[in-house]
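Any value given below was found using the heavy atoms of this structure, including those in side chains, with hydrogens, waters and symmetry copies removed. In what follows, chains carry the letters A, B, and so on, assigned in the order in which the sequence lines appear, proteins first and then strands, with residues in each chain numbered from 1.
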2 protein chains.
Amino acid sequence: MDLQRIKYFLALAEQLHYWKTAEKVNITQSALSRQIQSLESELGLQLFERNKRNVKLTPAGKFLKEKWEVELNELEYIHQFAKQLHLGERGTITIAHPDSISASIMPDILAKITQAFPKLQIKLVQVLYENQLDFLKNYKIDLAITRDITSEQGIHAKKIYSDHLALVVPLAHAFKKFEDLSTKRLKAQKFILPTKDEGSSYSEIIQALFKSYDFVPDVFLHSEFGSTIIALVRKGLGIAILPDSYMHHQSPGLRFIPLPFKTDILINWRADDHNPVLANILKLVFEN
Amino acid sequence: MDLQRIKYFLALAEQLHYWKTAEKVNITQSALSRQIQSLESELGLQLFERNKRNVKLTPAGKFLKEKWEVELNELEYIHQFAKQLHLGERGTITIAHPDSISASIMPDILAKITQAFPKLQIKLVQVLYENQLDFLKNYKIDLAITRDITSEQGIHAKKIYSDHLALVVPLAHAFKKFEDLSTKRLKAQKFILPTKDEGSSYSEIIQALFKSYDFVPDVFLHSEFGSTIIALVRKGLGIAILPDSYMHHQSPGLRFIPLPFKTDILINWRADDHNPVLANILKLVFEN
DNA sequence: ATTTATTAATGCGTATTTTGCATTAATGGA
DNA sequence: TCCATTAATGCAAAATACGCATTAATAAAT
């Protein structure tokens, strides 16, 4: 059963006149007549009571007119929705991102997305560094924003930003600016650092930093969560090294001393993910 | 857009394999491939992500699979319903009938109908004698059961039953059986009779009855409603002449004395009413 | 690395369906 | 009784769909 036929039927059910209807729907009266006939035989019922002079809906025809109008509208809407899915204007995407950027570039990215595609549904999740790629591969997330350079098979990655590392100390601390730092004075400090993850490019940078001062830090605590680290530093339990993105968080009582080391932020996605939503988001993120 | 195409799509969306699906739906793989392609171009979106090796639903395809399954079921149901309307197995019909038969032949008729067509909706209404034909012509009712013989243009009528007239008296009344009646004794009675409607065949019969006893009755009250008349008779306000169908009503305190006069019950409908429900009901009513 | 098997797409001729034109048949109104 | 209107229909042309055979891509096997 062709939906076009139903549309012809609905037009005729309005007009109740073959010639006028045929003209309205841009076919000949003969074609319309036959379309209605096929529709009737297909359904095994009579839609119109008609003689050579008058056209009138049967009870079944009246019923179908009402129902089909609703159904066709419904279908119309469904098809529009599907089209939006196809164009990546609708749909859902799950993004994992590190805590550090939740107050700096994440808001920028999200603002861009919601402005360009207001109907998109975005799910934000926090995932442990070590799980990120697994989650991506297993379709638990669609996009992972990381500080780790990974060259996994089937995962594409691209740098979208980089920020400086900073030494984080309580306001009362003796370190006020970069020049205050020296190997000797740093050696005396207790450090709170991210979990040391072998092969993580982020922790490699931090190691490189200590190497430049030529000592091994006294690390009394590891934590993966920047917000935890910040809380501990504020309480005076030690000092930390964090990306200066954290400056954008509301963190009174702390001083960020920028260090000449940079850390990259990368965006990762499945190479074979053809979800149009993803394509749209990547385009947005990369376009400037 | 042909619904068949959507069915092909749904089959493929299940199997995700052209050859197997094509076999299942009894067309060739080539035809199926082209059907899906036309569907895609018609909608302006991609339904499957496919290479020469694998078939996979796109997000839009997945969405449409779910929605179309629902819609097609809905349509299926609608078409079945319409078919039942066509066959007169479903639908609504409005029947007017006189009070007198509401406890005798109406229950019989209704039982027959509901047994044969359990899904029919029947509306019963009481309409004044004088309005019945108007209501029929103006599509306010579809069937009128009357005691009046009418030969209106465009109205068909057929006798379905006839019952005797009966003299209705309180149990304590002197009249016990037909032989107790005489012109002299009847003359002394007060009568409660139906509204005298000129040209009504029913009231003509009652007039004929009195003519056979050769006197004009003392009618102190007219009422069109049998149940009202019965209540008045029971209170001793007079005696009445009613169709003996009323005997089937629960009416303690009354005696029905059958009279040798019969009154017909006719069923009336519009000659040009092609509602299949009507046809079915007429067939049922006439078949024995 | 090469071959083989699998599988979706496609060119092409045929079959089916749909369409428009012209005509027919029925019917209401003058 | 005739005329105007209008839905149905015969027929040929156009459009569409189909099946067969083949192609092209690719995953698995060797």
Side-chain angles (χ1 to χ4, degrees), chain A residues 1-58 60-62 65 137 153-154 270-274, chain B residues 1-58 60-62 65 137 153-154 270-274:
Chain A
M1 182 172 327
D2 198 324
L3 292 187
Q4 188 55 49
R5 279 200 180 145
I6 297 182
K7 285 179 188 160
Y8 289 150
F9 161 78
L10 289 177
L12 180 58
E14 278 303 322
Q15 291 269 338
L16 296 176
H17 194 289
Y18 274 78
W19 280 93
K20 291 179 193 164
T21 307
E23 194 173 14
K24 201 170 197 175
V25 298
N26 291 313
I27 53 171
T28 57
Q29 175 268 328
S30 122
L32 178 60
S33 174
R34 272 185 264 249
Q35 289 276 3
I36 299 295
Q37 283 170 36
S38 347
L39 197 52
E40 286 183 328
S41 80
E42 208 169 351
L43 289 164
L45 53 82
Q46 220 182 318
L47 293 167
F48 296 99
E49 215 177 286
R50 53 200 186 275
N51 48 37
K52 299 257 168 188
R53 202 79 189 162
N54 289 303
V55 182
K56 196 186 139 198
L57 282 167
T58 60
K62 202 170 171 183
K65 170 172 144 64
K137 281 184 183 170
Q153 178 71 7
R270 287 183 295 277
D272 65 347
D273 188 342
H274 297 118
Chain B
M1 184 170 328
D2 197 325
L3 292 187
Q4 188 57 48
R5 277 196 181 149
I6 297 182
K7 285 178 189 160
Y8 290 150
F9 161 77
L10 289 178
L12 181 58
E14 278 302 322
Q15 290 271 339
L16 296 176
H17 193 289
Y18 274 77
W19 279 93
K20 291 180 193 165
T21 306
E23 195 174 13
K24 200 169 196 175
V25 299
N26 290 315
I27 52 171
T28 58
Q29 174 268 326
S30 124
L32 178 60
S33 174
R34 272 185 264 249
Q35 289 277 1
I36 299 295
Q37 284 171 36
S38 347
L39 196 53
E40 285 183 329
S41 80
E42 210 169 350
L43 288 164
L45 54 81
Q46 220 182 320
L47 293 167
F48 296 99
E49 214 178 285
R50 53 201 185 276
N51 47 39
K52 299 258 166 186
R53 201 81 189 160
N54 288 303
V55 181
K56 197 186 138 197
L57 281 167
T58 61
K62 201 170 171 182
K65 170 173 146 59
K137 282 185 184 170
Q153 176 73 7
R270 289 182 294 277
D272 65 348
D273 188 343
H274 297 117

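With hydrogens and angles ignored, the 3.5 Å screen pairs a side-chain donor or acceptor of Glu40(A) with a backbone N or O of Leu47(A).
Atoms NZ (Lys56(B)) and P (dA27(D)) sit 14 Å apart, rounded to a whole Å. Between Asn51(A) atom CG and dT5(D) atom C1' the separation is 12 Å, expressed in whole Å. Between Glu23(A) atom CD and dT6(D) atom C1' the separation is 14 Å, expressed in whole Å. To the nearest angstrom, C1' of dT16(D) lies 12 Å from CG of Asp2(A). Trp19(B) has its CH2 atom 13 Å from the P atom of dT22(D), to the nearest Å.
Contact between the side-chain N/O atoms of Arg50(A) and the OP1/OP2 oxygens of dA8(D) is found at a separation under 4.0 Å. At the phosphate of dT10(C), OP1 or OP2 sits under 4.0 Å from a side-chain N or O atom of Gln37(B). In terms of phosphate contacts, Gln35(A) brings no side-chain nitrogen or oxygen within less than 4.0 Å of OP1 or OP2 of dT17(C). Taking side-chain N and O atoms only, Arg34(B) has no distance below 4.0 Å to OP1 or OP2 of dA8(C). For the OP1/OP2 pair of dC18(D) and a distance below 4.0 Å, the side-chain nitrogens and oxygens of Thr28(B) include no atom meeting the criterion. At the phosphate of dC18(D), neither OP1 nor OP2 sits under 4.0 Å from any side-chain N or O atom of Ser30(B).
When each of Leu32(A) and Leu16(B) is assigned the nucleotide of DNA chain C with its nearest heavy atom, Leu16(B) is the one assigned upstream, toward the 5' end. Judged by closest nucleotide on DNA chain C, Arg5(A) is the one of Asn54(A) and Arg5(A) placed further toward the 5' end. Between Ala31(B) and Lys20(A), it is Lys20(A) whose nearest contact on DNA chain D lies nearer the 5' terminus.
Using a 4.5 Å heavy-atom cutoff, the side chains of Met1(B) and Ile6(B) are in contact.
A side-chain contact (heavy atoms from CB on, under 4.5 Å) with Thr21(A) is found for one member of Leu10(A), Leu16(A), Leu32(A) and no other, namely Leu32(A).
Scanning both residues, Leu12(B) and Tyr18(B), for their nearest heavy atoms gives CD2-CZ, 3.6 Å.
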Practice problem: Mind running salt bridge (Lys or Arg N to Asp or Glu O under 4.0 Å) on Glu14(A) and Lys24(A) for me, showing each step along the way? | Solution: CA-CA 11 Å; Glu14(A) 278 303 322; Lys24(A) 201 170 197 175; over 6 Å; no

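Listed nucleotides: dA17(D), dT7(C), dG20(C). Nearest to the side chain of His17(B): dT7(C).
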